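The next block holds one structure in the form of structure tokens; read it before the comments.
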Amino acid sequence: MGGRRGDHVEFGMYPFESVAWAWDALWAAVHECATWTPPTLTRSGDVHARWNDPECLVTHVCGLPYAAIHQHHLDVVGAFALDIDRATPDARYQSVLLSPHETTLTELISADTRAVANSADSLSGWISLLNATVGSTGTWPGEVTFTGAHYESVRRLARRQADLACIDAWTLAFITQQEPELFDGLHPVGRGPLIPTPAIAARSTLGPERIAELRAAFETALADPILDKAKAMAALHITNFVALTIDDYLPTLALNKPAVPTRR
């Protein structure tokens with residue numbers, strides 16, 4: 001399979017215009033090592049829809065939705081190790097809890113605290129916030145609003161429309177570069193649990209041989225020290241590709257994810 005009319009690849013979880021060229025360069029390097037893949041990336045604007053798209057051969061998937069919903073039709077190829085604060089060489093990282101209040105995280109856990117998160121199933125956002133604040137079994141005591149994006153959560157904190165958010169640290173690195181003024185008056189108050197970075201996943205119908213070829217293509221492409229590709233990796237805060245499997249994402253199912261009252 002592969003190379004059919006309509007097949008496409010999309011890495012849409014970090015769709016910052018300033019690094020679109022870098023995603024294109026990185027994928028071009030992978031495609032050179034697996035020439036049966038589509039030669040260019042697509043940008044639909046809805047990466048979540050690609051997780052269920054049978055024509056999307058390779059995509060980026062948040063770890064918890066992958067383990068909970070998508071593991072039966074997507075196979076993990078691996079993940080990117082990152083050059084950001086507290087990231088590890090084995091492709092793990094921690095989200096950052098931010099507040100406009102210069103206080104402690106403990107003091108922010110109350111019925112009066114307005115939390116914001118990008119979505120209810122976000123491993124780096126809502127799930128990490130819960131596990132950093134109320135633990136593995138607790139329930140968030142205050143109000144929570146789901147904003148649709150980490151970027152929007154930061155904007156609401158900056159406007160003091162919320163008291164607490166847990167922001168994906170990779171997203172944070174991009175926003176800090178593009179709009180550092182958003183963080184004036186915001187304070188880091190904690191960290192989420194150590195979790196795997198989003199999975200690079202391929203459609204299971206590709207079959208084991210093609211998925212193994214993809215894994216080898218990522219390994220080869222990111223290990224090759226070509227100057228232009230090295231610039232792209234630096235722009236994306238990527239240091240390496242790590243060949244993870246579903247077993248690296250299944251532990252996310254044990255994290256706290258209760259339903260809560262929300263305001264949208």
Side-chain angles (χ1 to χ4, degrees), residues 8-34 37-51 56-63 77-89 91-96 98 118-119 122-125 147-155 158 165 167-183 186 195-202 214 217-242:
H8 54 275
V9 173
E10 182 163 351
F11 289 146
M13 289 191 68
Y14 301 90
F16 297 93
E17 286 295 329
S18 62
V19 293
W21 67 270
W23 285 116
D24 288 339
L26 185 147
W27 177 252
V30 174
H31 171 70
E32 285 185 7
C33 300
T37 60
T40 59
L41 295 175
T42 59
R43 291 182 171 87
S44 69
D46 187 357
V47 66
H48 300 88
R50 305 288 75 75
W51 300 348
C56 186
L57 299 187
V58 186
T59 190
H60 228 172
V61 186
C62 182
V77 178
F80 296 121
L82 304 175
D83 182 19
I84 58 175
D85 189 34
R86 299 203 196 182
T88 65
R92 267 72 176 175
Y93 71 149
Q94 293 175 278
S95 295
V96 181
L98 292 175
N118 54 322
S119 67
S122 170
L123 178 57
S124 62
T147 65
H150 283 293
Y151 174 72
E152 179 58 27
S153 296
V154 173
R155 286 169 55 88
I167 307 299
D168 174 274
W170 198 358
T171 299
L172 200 62
F174 290 123
I175 300 175
T176 300
Q177 287 180 327
Q178 293 187 181
E179 296 186 62
E181 66 277 5
L182 275 180
F183 298 95
L186 297 186
I195 56 175
T197 64
I200 303 164
L214 267 175
F218 273 96
E219 289 174 337
T220 300
L222 271 70
D224 184 5
I226 297 173
L227 182 60
D228 287 346
K229 190 213 62 188
K231 288 180 179 178
M233 289 174 63
L236 295 169
H237 308 284
I238 292 172
T239 60
N240 200 6
F241 169 82
V242 181

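Numbering of residues begins at 1 and proceeds along the displayed sequence. On a predicted model such as this, the values are computed, not experimentally measured, just so you know.
Atom CD of E181 has more than 12 neighbouring heavy atoms from other residues, nucleotides or ligands inside a 6.0 Å radius.
Side-chain atoms of T88 and Y93, non-hydrogen and from C-beta on, never get closer than 4.5 Å to each other. Looking at Y151 and E179, their side chains come closer than 4.5 Å, going by heavy atoms from C-beta outward. Considering only heavy atoms from C-beta on, H150 stays 4.5 Å or farther from S95 through its side chain. W51 is listed as a side-chain neighbour of C62, based on a closest heavy-atom distance under 4.5 Å. Counting only heavy atoms from C-beta outward, the side chains of H237 and Q177 approach each other to under 4.5 Å. Side-chain atoms of V58 and T37, non-hydrogen and from C-beta on, never get closer than 4.5 Å to each other. Residues R43 and P15 fail the side-chain proximity criterion, which asks for heavy atoms closer than 4.5 Å. Inter-residue side-chain proximity for H8 and S44 is flagged as unmet; no heavy-atom pair is nearer than 4.5 Å.
Note that the OG1 atom of T197 and the CG atom of L123 stand 10.5 Å from one another [nearest 0.5 Å]. The line from CZ of R92 to CD1 of I195 is 10.0 Å long, rounded to the nearest 0.5 Å. Taking OG1 from T147 and CZ from R155, the interatomic distance works out to 10.5 Å, rounded to the nearest 0.5 Å. Between the CZ atom of F16 and the CD1 atom of I175 there is a distance of 4.5 Å, given to the nearest 0.5 Å. Here the straight-line distance linking atom CG of L214 with atom CG of L57 works out to 8.0 Å at 0.5 Å rounding. Distance CG/D168 to CD1/I84: 7.0 Å, rounded to 0.5 Å.
Scanning both residues, A221 and C33, for their nearest heavy atoms gives N-SG, 4.2 Å. Heavy-atom minimum distance, N118 versus S153: N-OG, 3.8 Å. A235 and W21 get closest at one heavy-atom pair: CB-CZ2, 3.7 Å. Of all non-hydrogen atoms in L186 and L182, the two that sit nearest each other are CD1-O, 3.5 Å. Between Q94 and R86, the shortest heavy-atom contact is OE1-CD, 3.4 Å.
A side chain to side chain contact (heavy atoms under 4.5 Å, CB included) with F11 is found for exactly one of I200, L236, V47, namely I200.
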Side chain to side chain contact (heavy atoms under 4.5 Å, CB included), that's the test. Do L98 and L172 meet it? Break it down for me. CA-CA 10 Å; L98 292 175; L172 200 62; 3.9 Å; yes

So L222 and L26, side chain to side chain contact (heavy atoms under 4.5 Å, CB included) or not? Walk me through it. CA-CA 8 Å; L222 271 70; L26 185 147; 4.3 Å; yes

T239 vs L82, side chain to side chain contact (heavy atoms under 4.5 Å, CB included): CA-CA, chis, key distance, verdict: CA-CA 5 Å; T239 60; L82 304 175; 5.9 Å; no

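With S119 contributing its side chain and G148 its backbone, the two residues share no donor-acceptor pair below 3.5 Å.
Less than 6.0 angstrom separates the ring centroid of W170 from the ring centroid of Y14.
Taking the six-membered ring for Trp and thresholds of 30 and 60 degrees, F80 and W23 have ring planes inclined between 30 and 60 degrees apart.
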